[in-house]
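Only this structure's heavy atoms are used, side chains among them; waters, hydrogens and symmetry mates stay out. The shown structure was predicted, so the numbers you read here are calculated from the model rather than taken from an experiment.
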Amino acid sequence: MVAVTSTVARRGNRKPGGGRQAVRLAILIAIVAVVLYPLIWMIGTSFKSQAEIVNNIGLLPEEFTPGNYTDGWTNFDFSFGRFFLNSAMVSLLTVVGNAISCLLAAYAFARLKFRFRGMWFAVMIGTLLLPGHVLIIPQYILFRSLGLVGGDWPYLPLLIPQFLATEAFFVFLMVQFMRGIPRELDEAAKIDGASSFGIFRHVILPLSRPALVTTAIFSFIWTWNDFFRQLVFLSDLKDYTVPVALTLFIDSTSASAVGPMFAMSVLSLLPVFLFFLAFQRMLVEGINTSGLKG
């Protein structure tokens, strides 16, 4: 009798917890639905005809139109793949530039001792308060005076700042990460005869993998989606990146190709998704394997 009573009591105790879990699950499903609705709508709209886009605001197309993808891919004098290659090149070089320059700058601020280190670090943090739109005009004047705008390599104004550690957010991120690495490792490396560069190469760099992966993810996503800076510095059609090329589908003086625009917008999401998916796996591995052992 006692056993039956205790079993009933345990079952009674489970009901409130199960109800709370069901409510939480329903809330999460609702949030996911709200977040994914624009994406699902864009995918569905990419298969609608021009007339149906105007008249049908539902998720699914009434008339399946896969030709939007072929029309969007061949809509210009150049294949849309050309714009994908331009964006991929700029984004990957930006990742390399930010990873190298910001890591070196962060190592100097976090580990090395030099005059006015605190002041220069505060100045760097202060640049985070400046909107990018405020800096774009001085940058454009500077690069134009140097003859780098519209030259043989039009992407230099977009790439040079990334190799000079101008992204203060990533420098700050890596500085905070490096400050969590025990300094006893530096002292042990110095006893073994390692120089400052040796400490960076054999101690700091391997342990900074999670911060590097985070920098790579955000650098790629922000650069791939960047529109304003690329619009300012790129003038030739063959040099356009994907965000700038998408605006060419909408023309205020003639018919706009909205269906192909949505189709190319869907394709433009795939590199970002795949890049994040691949580096997310590396990020988890880095967090799990970069802990100190022993």
- Note on the structure: Of all heavy-atom pairs linking Phe249 and Met264, the shortest is CZ-CG, 3.8 Å
- Ala108 and Phe114: which non-hydrogen atoms are nearest, and at how many Å? O-CE2, 3.4 Å
- How about Phe169 and Phe172: are their ring centroids closer than 6.0 Å? no
- Item | Stepwise side-chain contact (heavy atoms from CB on, under 4.5 Å) check, Leu212 with Leu205 | CA-CA 9 Å; Leu212 282 173; Leu205 182 59; 3.9 Å; yes
- Message: If we ignore hydrogens and angles and just use 3.5 Å, is the side chain of Tyr155 paired with the main-chain N or O of Asp239 as donor and acceptor?
- Response: yes
- Item | Intermediate values then yes/no, side-chain contact (heavy atoms from CB on, under 4.5 Å), Leu246 and Ser265 | CA-CA 7 Å; Leu246 287 175; Ser265 298; 3.9 Å; yes
- Calculate, to the nearest 0.5 Å, the distance between atoms CZ and CD1 belonging to Phe109 and Ile125 respectively. 8.5 Å
- Task: Please check if Leu135 and Phe233 belong to a single hydrophobic cluster, counting links between Ile, Leu, Val, Met, Phe, Trp and Tyr side chain heavy atoms closer than 4.5 Å.
- Result: no
- Nearest heavy atoms of Pro161 and Leu156, plus distance in Å: CD-O, 4.2 Å
- Task: Show the numbers, then the answer: is there a side-chain contact (heavy atoms from CB on, under 4.5 Å) between Thr94 and Leu158?
- Result: CA-CA 8 Å; Thr94 298; Leu158 301 174; over 6 Å; no
- Using the rule that two of Ile, Leu, Val, Met, Phe, Trp, Tyr join whenever any of their side-chain heavy atoms come within less than 4.5 Å, decide whether Val272 and Leu85 are in one cluster. no
- Item | Spacing of Leu112 atom CG and Leu104 atom CG [to the nearest 0.5 Å] | 10.0 Å
- Query: What pair of heavy atoms forms the shortest contact from Leu248 to Tyr240, and how long is it?
  - Reply: CD1-CD2, 3.9 Å
Listing, residues 140-151 side-chain donor-acceptor contacts under 3.5 Å, not counting sequence neighbours, or none:
{"unit_1": "Tyr140", "atom_1": "OH", "unit_2": "Arg144", "atom_2": "NH1", "d": "3.3"}
{"unit_1": "Ser145", "atom_1": "OG", "unit_2": "Ile141", "atom_2": "O", "d": "3.2"}
{"unit_1": "Ser145", "atom_1": "OG", "unit_2": "Leu142", "atom_2": "O", "d": "2.6"}

In a table with atom names and distances, give each donor-acceptor pair under 3.5 Å that connects a side chain of residues 22-49 to protein atoms at least two apart or in another chain.
{"unit_1": "Trp41", "atom_1": "NE1", "unit_2": "Ile57", "atom_2": "O", "d": "3.3"}
{"unit_1": "Thr45", "atom_1": "OG1", "unit_2": "Trp41", "atom_2": "O", "d": "2.6"}
{"unit_1": "Ser46", "atom_1": "OG", "unit_2": "Ile43", "atom_2": "O", "d": "2.5"}
{"unit_1": "Ser46", "atom_1": "OG", "unit_2": "Tyr69", "atom_2": "OH", "d": "2.9"}
{"unit_1": "Lys48", "atom_1": "NZ", "unit_2": "Asn56", "atom_2": "O", "d": "3.0"}
{"unit_1": "Lys48", "atom_1": "NZ", "unit_2": "Gly58", "atom_2": "O", "d": "2.6"}
{"unit_1": "Ser49", "atom_1": "OG", "unit_2": "Glu52", "atom_2": "N", "d": "3.4"}

- Item | Check: Trp222 ring centroid to Phe218 ring centroid under 6.0 Å | yes
- Note on the structure: Partner of Met174 under side-chain contact (heavy atoms from CB on, under 4.5 Å), picked from Leu103, Thr214, Ile204, is Leu103
- When hydrophobic residues are tied together by side-chain contacts of less than 4.5 Å, even through go-betweens, does Phe64 share a cluster with Val266? yes
- Between Asn68 (side chain) and Phe262 (backbone), is there a donor-acceptor pair under 3.5 Å? no
Could you pull out every donor-acceptor pair under 3.5 Å between side chains of residues 186-200 and any protein atom, sequence neighbours left out?
{"unit_1": "Asp186", "atom_1": "OD2", "unit_2": "Arg111", "atom_2": "NE", "d": "2.8"}
{"unit_1": "Ser195", "atom_1": "OG", "unit_2": "Gly198", "atom_2": "N", "d": "3.3"}

- Query: Can Val175 and Tyr107 be said to form a side-chain contact (heavy atoms from CB on, under 4.5 Å), step by step?
  - Reply: CA-CA 7 Å; Val175 167; Tyr107 175 69; over 6 Å; no
- Residue set satisfying side chain to side chain donor-acceptor pair (under 3.5 Å) with Arg179, at least two apart, ordered chain then number -> Gln176
- Can you check whether Ala88's main-chain N or O pairs, donor with acceptor, with Ser91's side chain at less than 3.5 Å? no
- Item | Minimum heavy-atom distance between Ala216 and Phe275, given as atom pair plus value | O-CE2, 3.5 Å
- salt bridge (charged side-chain N to carboxylate O under 4.0 Å, His left out) partners of residues 69-89, not counting sequence neighbours, each pair once: none
- Item | Leu274 atom CG: more than 12 heavy-atom contacts under 6.0 Å | yes
- Got a donor-acceptor contact below 3.5 angstrom from the Ser87 side chain to the Phe84 backbone? no
- Minimum side-chain heavy-atom gap Gln162-Ser101 below 4.5 Å: no
- Item | Within-4.5 Å side-chain heavy-atom neighbours: Val244 and Phe83 | no
- Note on the structure: What one should report as the nearest heavy-atom pair of Pro271 and Phe220 is O-CE2, 3.9 Å
- Message: Quick check: do Phe78 and Leu237 have side-chain heavy atoms less than 4.5 Å from each other?
- Response: yes
- Side chain proximity check, Val171 to Cys102, heavy atoms < 4.5 angstrom: yes
- Item | Residue pairs passing the side chain to side chain donor-acceptor pair (under 3.5 Å) test where at least one lies in residues 223-234, sequence neighbours excluded | Gln230-Thr241
- Task: Treating Ile, Leu, Val, Met, Phe, Trp and Tyr as nodes and any side-chain heavy-atom pair under 4.5 angstrom as an edge, say whether Val258 and Phe76 lie in one connected cluster.
- Result: yes
- Item | Backbone of Ser219 reached by a side-chain donor or acceptor of Asn98 within 3.5 Å | no
- Message: Could you check whether any side-chain N or O of Thr65 sits under 3.5 Å from a backbone N or O of Gly67, counting only pairs where one atom can act as donor and the other as acceptor?
- Response: no
- Task: Indicate if Leu173 and Leu130 have the same hydrophobic cluster label, given that clusters are the connected sets of ILVMFWY residues with side-chain heavy-atom separations under 4.5 angstrom.
- Result: no
